[in-house]
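Contents: one structure, followed by commentary.
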Amino acid sequence: MAWFELLSAKEQQHIDPPATNGFDVTGYEHIEIFGAREHNLKDIDVTLPRNQLVVITGISGSGKSSLAFDTIYAEGQRRYMESFSAYARSFIGNMERPDVDKINGLSPVISIEQKTTSRNPRSTVGTTTEVYDFLRLLFARAGIAYSYLTGNKMVRQTEAQIVDHVAKAFDGAHLILLAPMVKGRKGHYRELFVQIRKMGFTKVQLDGKIVELVPKMQVDRYKTHDIEIVIDRLEVTSKNILRLNDSIKIAMYHGKGVILAIDKQGTSYHFSKFLMDPASGLAYDEPAPNTFSFNSPYGACTTCKGLGTFAKITRESVIPDLELSISRGGILPLGEYRDIWIFKKLSSLLKRYGANITTPIKDLPEDVLEIILHGDEIPVAVDSAKFPGQQWHTKFEGIVNFLEKQKDTGSEKIQNWVREFTQVTRCPECSGARLKKESLHFRIDGKNIAELAEMDILQLREWLEGLETRLNSKQMVVATEILKELRKRLNFLVNVGLSYLHLNRPLRTLSGGESQRIRLATQIGTQLVGVLYILDEPSIGLHQRDNQRLIQALKDLRDLGNSVLVVEHDKEMMLNADYILDFGPGAGRHGGTIVAQGAPLEFLQQKSPTARYLTGEEQIPVPNTRRQGNGEVLKLSGASGHNLNNLDLELPLGTMICITGVSGSGKSTLIHDTLIPILKNRFYKSRKEPLPYDSIKGVEHLDKVIEVDQSPIGRTPRSNPATYTGVFTDIRALYANLPEAKIRGYKAGRFSFNVKGGRCETCRGGGMKLIEMDFLPDVLVPCETCKGKRYNRETREVRFKGKSISDVLDMTVEEATSFFEHQPKILRRIKTLNDVGLGYISLGQHATTLSGGEAQRVKLSLELSKRDTGRTIYVLDEPTTGLHFQDIKNLLILLDKLVSKGNTVLIIEHNMEVIKVVDHIIDLGPEGGMAGGQIVCAGSPEKIAVSKKSYTAKFLSEELKGS
């Protein structure tokens with residue numbers, strides 16, 4: 001017991017609380033960082049106020065993330081790990097200390113980054129935010145069950161209630177009381193009949209007929225049976241009430257809580273102490289929260305295992321054109337005839353049925369086609385090429401079976417290839433609801449849990465309003481606290497601008513900004529105090545209208561007693577911060593210093609690059625005239641997928657077009673899920689089905705579509721910008737042509753870290769080793785043999801201008817530009833990486849460490865390094881992610897060059913700096929979710945700015961006035 005508790009209440013009142021003077025539990029008023037040298041940081045000292053909203057900004061690659069994540073967060077994580085016991089640390093290993101002299105005043109750190117989105121299809125908005133967990137609890141405790149056979153309300157009765165009901169309802173009637181033992185199962189049940197006889201019973205009802213139990217009795221094991229023990233036959237009268245009571249008790253015991261009563265007319269009546277439908281006898285188990293979980297075998301649909309969909313390889317995707325023969329490429333995964341094993345096997349197989357591989361597929365018998373697709377047990381004889389005169393006899397696996405196997409066990413490249421022949425279809429059993437039919441027949445106010453999970457956040461919040469008035473008194477007792485938690489969490493999601501999402505939305509389909517804001521809403525819900533939160537551009541993907549709500553959410557997090565550190569480029573976020581830290585003056589080795597810091601008013605007077613843009617001294621200029629295009633139009637009519645409202649889209653070709661609108665208004669549905677699949681089908685014979693639409697005109701004016709999105713360029717550390725852009729192939733060829741390499745007999749493959757020979761075999765060329773952690777995220781540590789260099793010593797001895805191939809991978813793009821200045825082929829690709837603002841990343845940087853915006857710009861650089869046709873449409877999804885004002889200016893210059901060559905650039909964007917300079921705007925809305933899906937207005941920025949219906953117009957008009 002603490003000394004304070006030993007004092008009387010009166011004595012306690014006279015003790016003053018300790019004076020804090022702005023200090024908190026750490027004993028420090030500020031977070032003090034001394035000598036930070038991580039990456040490009042130049043031995044900086046910085047002091048950040050605690051319990052404040054601090055924004056770190058600056059040019060891309062200037063050192064913002066190096067300070068926030070690689071120094072402050074890394075040190076916080078290391079200190080947490082050091083709090084483990086020595087025994088636990090022996091399994092984990094020691095985390096490397098960031099390159100910093102000292103950090104004072106550091107609280108427990110929680111990082112909310114963009115690139116932590118789960119790829120698991122079972123992770124949804126509902127499961128991540130815990131909203132679905134509370135809904136499961138609500139349905140388990142307050143849901144009303146209905147029979148899926150008759151639709152009747154299920155009833156639950158005690159033994160006493162059943163006795164009273166039978167005595168009143170069947171007064172004077174003759175009844176047979178039965179205890180169900182087997183319902184609809186196969187078997188001979190010899191042992192069961194012996195067991196029943198030993199219990200003293202003489203009769204059973206077998207498949208609706210009452211029969212005597214005889215020795216060695218058994219039934220047909222291959223037929224389904226219903227078996228009930230005959231407990232008693234009696235007349236229901238007041239004299240027999242004790243007998244009735246005893247018989248029902250015995251029947252309930254042997255029937256495990258369920259009994260069956262049959263009257264003289266042969267009508268059956270079911271009674272149960274569990275949930276039961278009296279008409280059909282259908283019983284449900286007692287509901288528990290996992291009854292409504294699609295991640296639990298107790299609740300998941302048994303057909304799709306809780307996924308709601310099937311990824312199926314269909315006949316149509318494997319054989320799209322029945323007119324072709326197998327030799328002419330009729331089976332798409334095989335392609336045209338080559339002298340390889342599979343075609344020889346198919347030829348031998350078809351010969352057995354009097355056909356050959358030149359026969360059109362439409363002329364092959366159905367049973368033969370089925371064998372080609374799904375295999376056969378009869379061995380196929382194929383002549384041996386190695387041993388003339390001999391034959392190999394092997395079973396034919398089937399094309400579909402082979403693809404199915406590769407889908408699960410093949411390499412990442414093979415799995416991606418198989419995915420091209422896969423069609424995702426809705427589960428026929430649960431119709432996409434993910435749950436068992438029993439779980440879907442529990443309702444509250446006429447809705448089941450799957451219907452609520454399909455509502456968007458706003459609709460669900462509206463449904464919960466006043467729900468108490470629609471519940472009975474028993475439901476009210478259990479629901480009150482649960483409803484309070486549900487409303488609180490839904491309000492958090494609305495406040496961070498995610499009101500248009502529904503609970504069943506998989507996390508892997510969300511943008512980096514959306515997933516980050518979901519985690520932010522979850523953190524606000526935990527109500528933690530004294531924590532340092534570090535966020536990476538939470539405003540990504542958020543319309544200006546919703547920005548203020550996000551800022552308020554961050555302020556609420558701060559007001560709870562937390563420090564909030566935000567890496568951000570958004571103008572409004574900076575002006576609402578308590579403190580701003582500006583890194584620069586350039587990127588990479590030209591950055592790493594603090595060029596300005598202070599409260600917003602003080603910061604604006606310091607004339608740093610960011611401050612000049614905020615004050616308007618520097619601007620991204622608005623063009624004097626808007627391009628009218630080449631006179632051709634791409635017209636999409638009747639788009640109606642998801643929330644699109646039979647929308648007609650007109651894109652003037654040869655211009656820079658921007659698709660705007662509040663979050664959830666249908667921008668991605670219209671462009672990524674409807675327009676791009678249509679164009680890819682026309683140009684590249686893609687098999688991805690577009691969402692519903694009526695017609696499209698003007699495709700003949702284009703010859704290529706290039707989509708540049710924010711999906712990762714690779715999911716393993718082996719993927720990096722050099723391999724993705726293809727420049728590494730040229731670099732390897734350069735090293736293979738060096739005199740030293742030729743003397744040693746090294747080919748280009750020697751300089752690949754993916755094949756044996758030149759790579760380090762300890763880490764197999766990865767440079768890093770994965771340490772799996774049971775209760776924490778997996779950790780990547782440098783390989784102890786090559787120290788992260790990827791290659792063995794012999795390979796690293798071959799040098800170009802004093803640098804090994806490993807040194808080249810460690811170079812930044814900017815350094816590589818000058819290093820390869822006399823190698824035109826290599827320089828062309830590296831220079832485009834530099835031009836899109838990625839001069840600060842290294843050529844060999846692991847793809848898993850790139851943000852969504854950086855991955856998108858790597859893809860953009862690859863496309864820019866190719867030769868354009870002048871009839872290409874480029875589609876970019878929020879290309880300003882992670883970009884400073886100066887970087888946006890440079891990016892717009894690049895995009896402007898593409899348009900000036902006759903190409904069309906289509907951008908989905910919220911950033912006003914981009915919106916104000918485009919030629920044509922299409923604004924979707926007016927709201928998100930089902931209240932969106934319409935074109936609110938379309939035209940030049942000047943035309944949009946005067947629109948009264950558009951939310952974008954209000955912010956655009958202010959931007960144009962200031963330009």
Side-chain angles (χ1 to χ4, degrees), residues 40 57-65 113-115 511-513 536-537 539-541 567-570 586-588 590-591 620 656 658 672 706-715 719-728 811-817 827-866 868 872 874-899 903 905-911 913-914 917:
N40 66 332
T57 189
I59 287 169
S60 302
S62 58
K64 305 182 297 297
S65 294
E113 296 181 73
Q114 291 175 41
K115 45 184 180 283
S511 69
D536 189 7
E537 289 198 81
S539 66
I540 293 166
V567 176
E568 187 59 270
H569 294 289
D570 182 73
H590 304 299
I620 294 174
M656 194 186 295
C658 195
H672 291 301
I706 291 172
E707 181 185 14
V708 187
D709 60 17
Q710 292 190 18
S711 59
I713 60 170
R715 295 199 174 91
S719 300
N720 57 53
T723 55
Y724 184 83
T725 57
V727 71
F728 197 52
M811 284 181 186
T812 64
V813 169
E814 186 186 12
E815 288 167 348
T817 305
L827 182 65
R828 185 166 55 87
R829 290 179 188 270
I830 293 178
K831 194 170 184 305
T832 52
L833 275 170
N834 201 37
D835 290 343
V836 294
L838 290 177
Y840 59 93
I841 67 170
S842 63
L843 289 177
Q845 186 167 332
H846 298 157
T848 50
T849 66
L850 296 173
S851 69
E854 287 168 337
Q856 186 180 34
R857 278 178 280 148
V858 170
K859 292 177 186 178
L860 180 61
S861 76
L862 175 62
E863 299 304 335
L864 290 173
S865 67
K866 296 175 183 176
D868 62 272
T872 304
Y874 294 86
V875 183
L876 292 86
D877 190 357
E878 294 194 68
T880 60
T881 299
L883 292 187
H884 185 266
F885 301 103
Q886 185 60 46
D887 300 312
I888 295 171
K889 193 173 186 177
N890 296 338
L891 176 68
L892 287 170
I893 292 168
L894 277 175
L895 297 178
D896 202 60
K897 284 179 185 174
L898 287 175
V899 180
N903 301 297
V905 174
L906 181 62
I907 309 168
I908 300 173
E909 189 56 86
H910 292 291
N911 192 308
E913 301 291 343
V914 173
V917 302

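As a basis for the values below, the full set of heavy atoms in this structure was taken, side chains included, without hydrogen atoms, waters or symmetry mates. Owing to the predicted nature of the structure, the values given are computational and were not obtained by experimental measurement. Count residues from 1 along the sequence.
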Rounded to the nearest 0.5 Å, how far does [atom2] of [Y] lie from [atom1] of [X]?
{"X": "I893", "Y": "L898", "atom1": "CD1", "atom2": "CG", "answer": "12.5 Å"}
{"X": "N890", "Y": "I620", "atom1": "CG", "atom2": "CD1", "answer": "9.0 Å"}
{"X": "T880", "Y": "I888", "atom1": "OG1", "atom2": "CD1", "answer": "5.0 Å"}
{"X": "I713", "Y": "T723", "atom1": "CD1", "atom2": "OG1", "answer": "6.5 Å"}
{"X": "Q856", "Y": "T881", "atom1": "CD", "atom2": "OG1", "answer": "6.0 Å"}
{"X": "T725", "Y": "R829", "atom1": "OG1", "atom2": "CZ", "answer": "6.5 Å"}

**Request:** State which residues pass ring pair (Phe, Tyr, Trp, His ring centres under 6.0 Å) with Y724; sequence neighbours excluded, sorted by chain then number.
**Result:**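 So Y724 forms no ring pair (Phe, Tyr, Trp, His ring centres under 6.0 Å) with any residue.
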
Taking only residues two or more places apart in sequence, or in another chain, which ones meet Y874 in a ring pair (Phe, Tyr, Trp, His ring centres under 6.0 Å)?
->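 Listed in chain order: nothing, the list is empty.
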
Output all residues satisfying side-chain hydrogen bond (donor to acceptor under 3.5 Å, both in side chains) with [X], sequence neighbours left out; order by chain, then residue number.
{"X": "H884", "answer": "T610"}
{"X": "N911", "answer": "none"}
{"X": "K859", "answer": "D709, S711"}
{"X": "T872", "answer": "T869"}

Practice prompt. Would you please name every residue forming a side chain to side chain contact (heavy atoms under 4.5 Å, CB included) with T832, sequence neighbours left out?
Written response: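 Residues passing side chain to side chain contact (heavy atoms under 4.5 Å, CB included) with T832: S861, L864, S865.
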
Subject >> E815: partners by side chain to side chain contact (heavy atoms under 4.5 Å, CB included), with sequence neighbours left out >> reply: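 If we apply the side chain to side chain contact (heavy atoms under 4.5 Å, CB included) test to E815, skipping adjacent residues, the hits are R589, M811, T812.
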
Closest heavy-atom contact between [X] and [Y]?
{"X": "E913", "Y": "V917", "answer": "O-CG1, 3.7 Å"}
{"X": "S539", "Y": "D570", "answer": "OG-CB, 3.7 Å"}
{"X": "G58", "Y": "S62", "answer": "C-OG, 3.7 Å"}
{"X": "N40", "Y": "G61", "answer": "ND2-O, 3.1 Å"}
{"X": "G882", "Y": "S60", "answer": "O-OG, 2.7 Å"}

Pair L860-L891, side-chain contact (heavy atoms from CB on, under 4.5 Å): steps then yes or no = CA-CA 10 Å; L860 180 61; L891 176 68; 3.5 Å; yes

Kindly indicate whether the side chain of [X], heavy atoms from C-beta on, has any atom under 4.5 Å from the side chain of [Y].
{"X": "R857", "Y": "L883", "result": "yes"}
{"X": "I907", "Y": "P879", "result": "yes"}
{"X": "P721", "Y": "L838", "result": "no"}
{"X": "T57", "Y": "H569", "result": "yes"}
{"X": "V858", "Y": "L833", "result": "yes"}

| message | Run the salt bridge (charged side-chain N to carboxylate O under 4.0 Å, His left out) test against E909 and tell me which residues pass, sequence neighbours left out. | response |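 Result, salt bridge (charged side-chain N to carboxylate O under 4.0 Å, His left out) vs E909: none returned.
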
inquiry  = According to salt bridge (charged side-chain N to carboxylate O under 4.0 Å, His left out), who are the partners of E707, at least two apart in sequence or on a separate chain?
reply    =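 Only K680 meet the salt bridge (charged side-chain N to carboxylate O under 4.0 Å, His left out) criterion with E707.
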
**Request:** Return each pair, listed once, that meets salt bridge (Lys or Arg N to Asp or Glu O under 4.0 Å) where at least one residue sits in residues 880-898; pairs must be two or more places apart or across chains.
**Result:**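 As it turns out, the salt bridge (Lys or Arg N to Asp or Glu O under 4.0 Å) pairs with a partner in residues 880-898, which skip direct neighbours, are R627-D896.
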
### Query
Stepwise, does the side-chain contact (heavy atoms from CB on, under 4.5 Å) test hold for M656 with L895?
CA-CA 8 Å; M656 194 186 295; L895 297 178; 3.9 Å; yes

For a side-chain contact (heavy atoms from CB on, under 4.5 Å) check, start with the C-alpha distance between L876 and I908, then their side-chain angles and the critical distance, and finish with the verdict. CA-CA 6 Å; L876 292 86; I908 300 173; over 6 Å; no

With sequence neighbours excluded, give me every side-chain hydrogen bond (donor to acceptor under 3.5 Å, both in side chains) pair touching residues 834-843.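 As it turns out, the side-chain hydrogen bond (donor to acceptor under 3.5 Å, both in side chains) pairs with a partner in residues 834-843, which skip direct neighbours, are Y840-E854.
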
- prompt: Do L827 and T817 pass the side-chain contact (heavy atoms from CB on, under 4.5 Å) test, and can you show the C-alpha distance, the side-chain angles, and the key distance before you say yes or no?
  reply: CA-CA 6 Å; L827 182 65; T817 305; 3.9 Å; yes

Checklist entry - Under the criterion side chain to side chain contact (heavy atoms under 4.5 Å, CB included), which of L862, I830, V813 is the partner of V727? => result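 Result: among L862, I830, V813, I830 is the only option passing the side chain to side chain contact (heavy atoms under 4.5 Å, CB included) with V727.
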
